[in-house]
Amino acid sequence: MVSVTFPDGATRRYPAGIRGGEIARSISPSLAKRSVAMAIDGKLADLADPIERDADIEFIDRDNPRALELIRHDAAHVLAEAVQTLYPGTQVTIGPVIENGFYYDFYRGEPFTPEDFPAIEKKMAEIIAKDRPFAKEVWSRDAAKAWFEKRGEAFKVELVDAIPPDQEIKIYKQGEWLDLCRGPHMTSTGKIGAAFKLMKVAGAYWRGDSSKPMLQRIYATAFANQAQLDAYLHQLAEAERRDHRRLGREMDLFHFQEEGPGTVFWHSKGWTLFQTLIAYMRRRQQTERYVEVNTPQVLDRALWEMSGHWQTYRENMFTTMTEDERVFALKPMNCPGHIQIFKNGLKSYRDLPLKIAEFGIVHRYEPSGALHGIMRVRAFTQDDAHIFCTEDQIKEEALRINDLILSIYKDFGFEDIIIKMSTRPEKRVGSDDAWDKAEAALTRVLDELNARGFKAAVNPGEGAFYGPKLEYTLRDAIGREWQCGTTQVDFNMPGRLGAFYIGPDSEKKTPVMIHRAMFGSLERFIGILIEHFAGHLPLWLSPLQVMIATITQDVDEYALEVLAAARQAGLKAEADLGNEKITYKVREHSLTKIPVLLVVGKREAAERTVSLRRLGSNEQTTLPLEVALRDLAAEATPPDLKRLKADGMRGVPAEEPVLAPAAGVQNP
RNA sequence: GCCGGUUUAGCUCAGAUGGUAGAGCAACUGAUUUGUAAUCAGUAGGUCGCAGGUUCGAGUCCUGCAGCCGGCACCA
């Protein structure tokens with residue numbers, strides 16, 4: 001007998017080996033009818049699985065959130081059957097559930113196109129309508145291989161071979177069709193329902209390896225009901241509307257053109273935003289005692305050979321040859337340059353840690369397929385720094401960087417940050433002893449982060465060849481993750497390039513170098529900001545903060561007075577005196593995402609007020625000019641300066657905020 | 001780089017079967033002086049991504065190349 005405990009705490013005893021479905025039926029026919037799967041001790045399982053030991057059992061119905069992955073996984077099997085029915089000769093490979101749906105990778109000579117989707121979806125609906133039960137069978141390895149070999153399913157044979165010897169070979173049948181699968185599945189295909197949709201086709205390498213064959217991937221999604229599917233599709237459309245490439249054009253921030261693939265033409269407004277970020281970062285770094293430098297863009301090949309870049313990074317480098325046949329390379333990284341500055345003049349242990357920062361423009365010849373707006377470009381500015389220190393100082397410095405990065409992200413409204421530590425890769429340099437120390441130091445940082453409630457994970461083997469790293473990742477509007485900040489501990493390059501300092505014992509010592517970026521790249525960070533705020537940048541970041549719009553030309557003079565006063569208050573302001581209706585001006589400046597519109601007409605001119613309208617809101621507040629400008633100027637103060645001001649004014653009563661906070665700012 | 005798609009006016013997009021290019025918005029000019037997301041009228045604007053080829057004739061068909069888009073691989 002086994003003892004089974006239900007979610008309400010009730011316990012019943014059953015003969016060992018009883019199936020979940022039988023237990024459900026013993027409780028009530030309706031429970032048995034609506035259950036599609038169960039969770040044994042919290043782990044999803046087939047309803048038909050036997051219960052061999054005492055366990056907690058929860059029955060899962062279709063509407064249970066945990067059923068969603070089953071719906072999608074079942075739908076993946078149905079997709080595969082539909083494709084093999086419609087396109088005989090197509091080989092199946094794998095079809096996992098992913099964050100917002102699922103995909104299935106096929107091998108077929110002909111590509112699939114979205115025009116094929118209606119037929120496939122129709123066939124899927126037919127298979128679902130037949131409501132065939134999913135039946136699990138355990139096969140012998142040889143039987144499974146023979147079955148797939150006979151059908152020319154070379155990829156499945158490879159998958160069978162890859163299953164560890166101690167694991168069963170599980171086969172799920174749905175009527176005639178079957179697939180190798182670890183499960184679990186719902187009770188039958190009919191449980192999938194009708195809320196599924198094929199999304200797109202794409203190429204994908206077998207096993208994610210670019211040396212292996214290219215497969216045809218069909219992306220799809222499924223939900224428990226149509227309303228949820230519709231909501232998801234709506235969310236996708238919203239995400240597309242905040243795409244930084246579209247907003248960059250609409251807000252007149254930057255453009256690209258064919259002659260410069262992956263290189264940005266920054267327009268005046270985009271460059272203003274860029275410089276606002278640099279000014280902010282410069283202040284934060286100065287407080288942390290970084291020194292800022294600037295190193296050459298183009299350096300002789302010999303230096304890159306010494307640093308190891310020529311050997312390991314050559315295909316990513318832009319090179320140039322001059323008339324006298326000397327070969328130079330555009331810097332793809334700033335580190336060798338910073339080491340030259342470190343080496344210039346004898347350093348003492350008393351100089352450490354020495355923090356050298358640069359807003360360094362680097363060029364990297366990225367694969368053409370990798371380019372993506374300003375998120376992934378071939379020329380970009382890093383907020384780079386290299387901290388030269390001793391091994392003993394690594395932990396404290398890494399923690400300081402961590403705290404600074406998190407504080408900075410918070411100032412921009414990012415508090416949901418993915419932190420990962422990447423450890424020693426197979427291909428690496430340096431002694432295991434040094435790696436142990438570096439990883440231990442970063443692990444202590446990681447432990448500290450976990451203690452503070454961050455979910456920091458480890459990426460084994462993903463570190464740089466010269467040391468382990470911490471990676472800080474932000475998400476864009478449609479959930480894509482972009483690595484921004486990074487802290488890398490390097491025991492290699494200072495030695496390679498001959499950097500040393502004089503220790504307390506008068507001996508030469510090689511410093512450890514911590515590579516570190518916080519924005520990562522200004523380009524990428526700006527792209528993420530645009531999408532995060534959907535173009536509705538906070539006032540302090542807006543390249544144009546205030547637009548003064550007149551109602552009639554009678555008030556031009558007052559409008560110009562308001563403009564001068566706004567600029568006097570430190571606001572980035574323009575005036576629109578155009579001969580247009582106010583509705584036209586409101587629309588115009590809303591579309592270019594100007595955060596504050598100050599409307600002036602005869603009334604305002606007479607009373608010396610302004611009518612203030614926020615981007616994203618249709619409410620208006622009429623305020624005395626001085627009050628409006630004072631409050632806007634306060635709001636436009638960068639967050640770090642605001643803190644300074646607050647510190648300086650401690651003891652002074654806080655002023656009542658007069659302006660409503662910006663409306664229409666959405667977080668993703 | 002790989003797989004697929006795509007490229008026509010500043011933007012969004014029409015242009016079956018080959019016969020020499022069109023709309024809306026934007027721009028420009030004029031009228032209108034307007035109270036919170038599009039005032040009206042007129043004007044101008046394109047070697048149809050680039051280079052070859054087929055044809056009496058190519059935006060349309062063929063070949064090559066490039067850019068862009070979606071993935072994959074790579075990555076800040």
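Just so you know, these numbers use all the heavy atoms, side chains as well, and skip hydrogens, waters and symmetry mates. Residue numbers start from 1 in every chain, and the chains themselves are labelled A, B, ... in the order their sequence lines are given, proteins ahead of strands.
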Partners meeting side-chain hydrogen bond (donor to acceptor under 3.5 Å, both in side chains) with Thr486(A) (sequence neighbours left out): Gln488(A)
Of all pairs that satisfy salt bridge (charged side-chain N to carboxylate O under 4.0 Å, His left out), the ones with a partner from residues 589-609 of chain A, not counting sequence neighbours: Asp554(A)-Lys602(A), Glu561(A)-Arg608(A)
Stretch residues 376-388 of chain A: residues that reach within less than 4.0 Å of RNA chain B through a heavy atom: Arg376(A), Val377(A), Phe380(A)
Sequence-distant partners of His589(A), side-chain hydrogen bond (donor to acceptor under 3.5 Å, both in side chains), two or more places apart: Asp576(A)
Partner set under ring pair (Phe, Tyr, Trp, His ring centres under 6.0 Å) for Tyr104(A), not counting sequence neighbours: Phe106(A)
Pairwise salt bridge (charged side-chain N to carboxylate O under 4.0 Å, His left out) hits with a residue in residues 103-119 of chain A, at least two apart: Asp105(A)-Arg217(A)
With Phe519(A) via ring pair (Phe, Tyr, Trp, His ring centres under 6.0 Å) - residues at least two apart: Phe412(A), Phe525(A)
Protein N or O to nucleotides 2-8 of chain B N or O, pairs below 3.5 Å:
unit_1, atom_1, unit_2, atom_2, d
rC2(B), O4', Tyr205(A), OH, 3.2
rC3(B), O2, Gly203(A), N, 3.3

Side chain to side chain contact (heavy atoms under 4.5 Å, CB included) partners of Ala370(A), counting only residues at least two apart: Pro367(A), Arg376(A)
Let me have the donor-acceptor pairs involving side chains of residues 246-255 of chain A, under 3.5 Å, with sequence neighbours excluded, atom names and distances please.
unit_1, atom_1, unit_2, atom_2, d
Asp252(A), OD1, His267(A), ND1, 2.7
His255(A), ND1, His267(A), NE2, 2.7
His255(A), NE2, Gln257(A), OE1, 2.9

Partners passing side chain to side chain contact (heavy atoms under 4.5 Å, CB included) against Pro296(A) (at least two apart in sequence or in another chain): Leu299(A)
Base-pairing string, 5' to 3', of RNA chain B - Watson-Crick or wobble, under 3.5 Å, | interstrand: (((((((..((((.....[..)))).(((((.......))))).....(((((..]....))))))))))))....
